[in-house]
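Residue numbers begin at 1 in each chain, while the letters A, B, ... track the order of the sequences.
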There are 2 protein chains.
Amino acid sequence: MESSLAIETNTFRNLPEEKRQRILEEAVKEFAANGYQKASLNTIVKRLGIAKGSLYQYFNNKQALFLFIFDRLTHLVKDTVKRSVSEGEEADFFEQVRRIIVSGINFIDSFPAYYQIYLKVLFEPDVPQREELIAKVRLFSMEFFAPLCNAAQGKGQIRHDIPTSLVVFILDAVVDRFLQGYAKPYLDGGLNLSAKSPQGLEEDVNMIITILQDGLCLQKGE
Amino acid sequence: MESSLAIETNTFRNLPEEKRQRILEEAVKEFAANGYQKASLNTIVKRLGIAKGSLYQYFNNKQALFLFIFDRLTHLVKDTVKRSVSEGEEADFFEQVRRIIVSGINFIDSFPAYYQIYLKVLFEPDVPQREELIAKVRLFSMEFFAPLCNAAQGKGQIRHDIPTSLVVFILDAVVDRFLQGYAKPYLDGGLNLSAKSPQGLEEDVNMIITILQDGLCLQKGE
DNA sequence: ATTTAATGTGACCACCTGGTCACATTATGG
DNA sequence: CCATAATGTGACCAGGTGGTCACATTAAAT
């Protein structure tokens, strides 16, 4: 049941499922490879073997096609994160952080092209409604981390001499970079994340969590 | 004394200093605003009030102009970091990390357009020789952090149950993101870094260092 | 003053883009 | 079977790009 404010055309909605998927798949590939501006509708229609006019009967313009795809992206993220996190509702603070990272890895594995699009949007200046789009996806990490931190401070699980905003900032920085490094090897700082086995990844994640917990200094118990 | 492998033309090198600066300034502005691909040579020459043919007598093509500018960028980074760090040669590990962050802030304040170019290159897929260029700039953070960590582990300043590579990774992630947030408000996760006074920034930096030192857990002394 | 070399110039080129539209084709329903 | 609506089509458009080149202008050297 689509709303009447749908960004896509009735014509597109009435298309046979198979064709609709083919079109989206190809468009996602193109946007993932080239970002918004450099993505070429000519290339998309050429690869699909359909006329350009047809594409313009499915979506009013390039922007509409892109926004439709990004909307799917946010839904996919939402679902993936929820699935990974909702299980451990009452878990320890750092366990929940760990789950967020794992769900991020899962998302990248499941929908690498969509994650590419997210990265592109993040750093491409003139994608339409960029800030809103980023905010939509970030809502999960931000709106998720902030209450998590507050709760943890309440429960005495983390220190309260540091503002929540700074804690969230550090968590977000490390998590984001870890995922970026997993998707883009040249950003992993030599960790070689993309080539690691699930076990190897888990070890790295656990050590990162350990550092976040106890810091880089020598521990008293050692 | 330029090498004979110079990327720029003799004609450009013989230009009066003032004109050379004007041209570079305008080109830097354009690349900073639009990245490599979308930067327009037509726009540059229009703003400069020179003919396009002239620009092509200074640089063989768009790529040469860009590489010349990026080369200046790496030199500027090198100088800025060296100046900030060399003073505290024998300082504490975390103090040196703090200095790196401060020198990053200094660089962004001094050469905002150049930092913009770096960010663009970092996430624009088809800039020529992107990986080499990134590596050149990263060399400082990576090749700087790694020996720093090793030395610190030797001196017993940081724990040694965590591989150096992971320590470097976390440092790099946090430092990079902090600087990105300082330059791009929508990346600062609500910290509002770009609007803060130097004192405010210093406080944030110090708290981040504290967390890196001692972790997020409640400290025994509290 | 005259020749020669170095620079400056902008119209022009081929190519690509997002978007349009008159027309062909197909489906639908009476 | 036919009329009408829905869908598919690709040549075409204006606007932009990086790059070229024959020519004008200036500087240097003889």
Side-chain angles (χ1 to χ4, degrees), chain A residues 2 6-24 26-27 29-31 33-70 120 124-129, chain B residues 2 6-24 26-27 29-31 33-70 120 124-129:
Chain A
E2 297 283 348
I7 200 89
E8 81 275 24
T9 294
N10 281 326
T11 311
F12 181 72
R13 222 173 296 121
N14 294 335
L15 240 44
E17 175 72 14
E18 184 199 1
K19 187 168 188 181
R20 228 164 43 212
Q21 292 302 332
R22 259 188 64 233
I23 292 172
L24 284 183
E26 207 65 55
K29 236 192 282 176
E30 176 71 7
F31 281 119
N34 303 311
Y36 178 76
Q37 290 291 339
K38 269 206 53 179
S40 161
L41 301 187
N42 289 325
T43 301
I44 294 175
V45 297
K46 210 170 294 169
R47 293 211 182 123
L48 284 171
I50 66 174
K52 185 151 35 156
S54 296
L55 189 54
Y56 273 85
Q57 246 163 346
Y58 305 148
F59 299 92
N60 289 326
N61 49 39
K62 188 183 191 179
Q63 177 170 332
L65 171 59
F66 176 75
L67 291 179
F68 181 84
I69 286 176
F70 203 92
K120 287 275 162 56
E124 198 179 321
D126 38 13
V127 37
Q129 307 177 34
Chain B
E2 297 284 346
I7 199 89
E8 80 275 24
T9 293
N10 281 325
T11 312
F12 182 72
R13 223 173 295 122
N14 295 335
L15 241 43
E17 175 71 14
E18 185 199 2
K19 188 169 187 180
R20 228 163 43 211
Q21 291 303 329
R22 260 189 63 233
I23 292 172
L24 285 182
E26 207 64 55
K29 236 192 281 178
E30 177 69 9
F31 280 119
N34 302 311
Y36 177 77
Q37 290 292 339
K38 271 204 52 177
S40 162
L41 301 186
N42 289 324
T43 301
I44 293 175
V45 297
K46 210 171 293 168
R47 291 212 183 122
L48 285 171
I50 67 174
K52 183 151 35 156
S54 296
L55 189 55
Y56 272 85
Q57 246 162 346
Y58 306 149
F59 299 93
N60 289 327
N61 49 38
K62 190 185 190 178
Q63 176 170 333
L65 171 59
F66 176 75
L67 291 180
F68 182 82
I69 286 175
F70 202 93
K120 288 274 165 54
E124 198 179 323
D126 38 13
V127 35
Q129 306 178 33

- Item | Whether S40(A) side chain and N42(A) backbone form a donor-acceptor pair below 3.5 Å | yes
- Is there a side-chain contact between I50(A) and Y58(A), using heavy atoms and a 4.5 Å cut-off? yes
Mind listing the N/O atom pairs, protein and nucleotides 25-30 of chain D, below 3.5 Å?
none

Separation of dG18(D) atom C1' from D126(B) atom CG, nearest Å, is 14 Å
Of all heavy-atom pairs linking I44(A) and A27(A), the shortest is CD1-CA, 3.9 Å
*With side chain to side chain contact (heavy atoms under 4.5 Å, CB included) as the test, would you mind laying out the steps for L48(A) and L55(A) before giving the verdict?*
CA-CA 10 Å; L48(A) 284 171; L55(A) 189 54; 5.5 Å; no
Would F12(B) and F68(B) count as a close aromatic pair, with their ring centres under 6.0 Å?
yes
Protein heavy-atom contacts under 4.0 Å, written 5' to 3' over nucleotides 6-25 of chain C as B (base), S (sugar-phosphate only) or - (none), form the string -BBBB------SBBBB----
- request: For residues Y56(A) and L41(A), determine if any side-chain heavy atom of one lies less than 4.5 Å from a side-chain heavy atom of the other.
  value: yes
Heavy-atom closest pair (K38(A) atom, E30(A) atom, distance to 0.1 Å) is O-OE2, 4.2 Å
Between K120(B) and Y36(B), is NZ or CZ placed under 6.0 angstrom from the six-membered ring centre and within 45° of the ring axis?
no
